[in-house]
Amino acid sequence: MIIEFNELLKRKSYAKDIDLSFNMKSFLYQGDEIIFKSPVKAKGKASIQEDIIHFDVQVSFVIELTCTRCLDRYTSNFDINIFEEYTNNPKKESEDIIFITEDSIDMEEVIKNNILLSLPIKKLCSNDCKGLCQHCGANLNKSQCNCSQDDIDIRMAKLKDLFLSD
Ligand SMILES: [Zn+2]
Ligand SMILES: [Zn+2]
């Protein structure tokens, strides 16, 4: 989804309303496929002042990704505010103001970057995700496995015996 800044940069207008709904392709992030489960809705405004375009848009969508603890797929609702500043005047470029050589931006790139920025390091299906059993690999959110703590202690004790008798 390309957003044109043409009119703003030529000062044919000073503000542009943004009200879009579009589909986005899934993408890979650290080996995990991030799939869009809803169209992306973007609503806001782009305006220009002293060669700087202020791009202020509220974006909402649903993505599906993998829980790092139980490896199950889960969905996450995003409702984020994207605020960026762009300029095509090299003198105005700074750490916060992005220099653009074309008179448009690719909204999908902007959204991807914002998703990556807002994803936690540990993506969890829920805060109290119980994860997988270290022994049998069962998903402990769905079922309780038979590896009780006692069994594990007994096995550890046996292992210890083995090492000690060596
Ligand atoms: Zn999980
Ligand atoms: Zn188990």
Side-chain angles (χ1 to χ4, degrees), residues 1-5 17-46 53-86 94-100 102 104-166:
M1 177 54 64
I2 300 297
I3 304 218
E4 285 288 346
F5 290 147
D17 283 328
I18 291 161
D19 191 355
L20 299 165
S21 177
F22 55 96
N23 292 312
M24 269 184 70
K25 283 205 196 90
S26 62
F27 66 98
L28 278 178
Y29 173 61
Q30 293 181 341
D32 187 18
E33 188 176 22
I34 301 198
I35 301 174
F36 287 82
K37 300 299 270 185
S38 78
V40 174
K41 292 212 170 77
K43 214 172 156 65
K45 198 173 163 183
I53 293 174
H54 304 266
F55 183 73
D56 191 1
V57 175
Q58 194 70 29
V59 175
S60 61
F61 52 87
V62 181
I63 54 172
E64 184 192 273
L65 60 174
T66 306
C67 174
T68 40
R69 204 179 277 167
C70 70
L71 307 181
D72 241 5
R73 300 289 287 175
Y74 70 100
T75 55
S76 179
N77 294 322
F78 270 74
D79 195 358
I80 46 178
N81 181 249
I82 295 177
F83 181 74
E84 307 278 10
E85 288 175 310
Y86 300 100
S94 77
E95 215 172 286
D96 296 324
I97 302 168
I98 302 161
F99 182 66
I100 50 171
E102 293 170 43
S104 62
I105 54 161
D106 183 352
M107 191 64 190
E108 298 189 27
E109 283 303 313
V110 176
I111 287 174
K112 263 192 225 174
N113 290 338
N114 272 273
I115 292 175
L116 301 186
L117 283 176
S118 38
L119 275 184
I121 294 169
K122 277 198 180 294
K123 299 168 287 167
L124 296 179
C125 60
S126 77
N127 281 334
D128 52 4
C129 170
K130 297 190 185 81
L132 301 176
C133 170
Q134 305 265 333
H135 292 270
C136 69
N139 184 337
L140 300 175
N141 299 313
K142 290 180 179 164
S143 62
Q144 216 159 12
C145 63
N146 294 318
C147 317
S148 73
Q149 198 55 45
D150 285 352
D151 288 348
I152 293 163
D153 288 345
I154 290 166
R155 255 182 267 154
M156 290 299 280
K158 278 185 183 160
L159 264 177
K160 231 185 246 166
D161 285 348
L162 270 177
F163 281 116
L164 286 176
S165 64
D166 219 40

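In this chain, numbering begins with 1 at the start of the sequence shown. Order of appearance sets the numbers: ligands from 1, and atoms from 1 within every ligand. Hydrogens, waters and symmetry mates play no part in the numbers below; they use all other heavy atoms, side chains included.
The angle that Cys136 SG and Cys133 SG make at the Zn ion (ligand 2), rounded to 10°, works out to 110°. Rounded to 10 degrees, the SG-metal-SG angle spanning Cys145 and Cys147 at the Zn ion (ligand 2) equals 110°. Geometry at the Zn ion (ligand 1): SG/Cys67 and SG/Cys129 form an angle of 110°, nearest 10 degrees.
Salt-bridge annotation for Lys43 and Asp17: absent, with no side-chain N of the basic residue lying under 4.0 Å from a carboxylate O of the acidic one.
Looking only at atom types and distance, the side chain of Asp56 has a donor-acceptor partner in the side chain of Asn81 under 3.5 Å away. No side-chain donor from either of Glu4 and Ser104 sits under 3.5 Å from a side-chain acceptor of the other.
Distances from the Zn ion (ligand 2) show that His135 has no N/O/S atom below 2.8 Å.
Proximity of the aromatic rings of Phe36 and Phe61 is defined here by a centroid distance below 6.0 angstrom, and this criterion is met.
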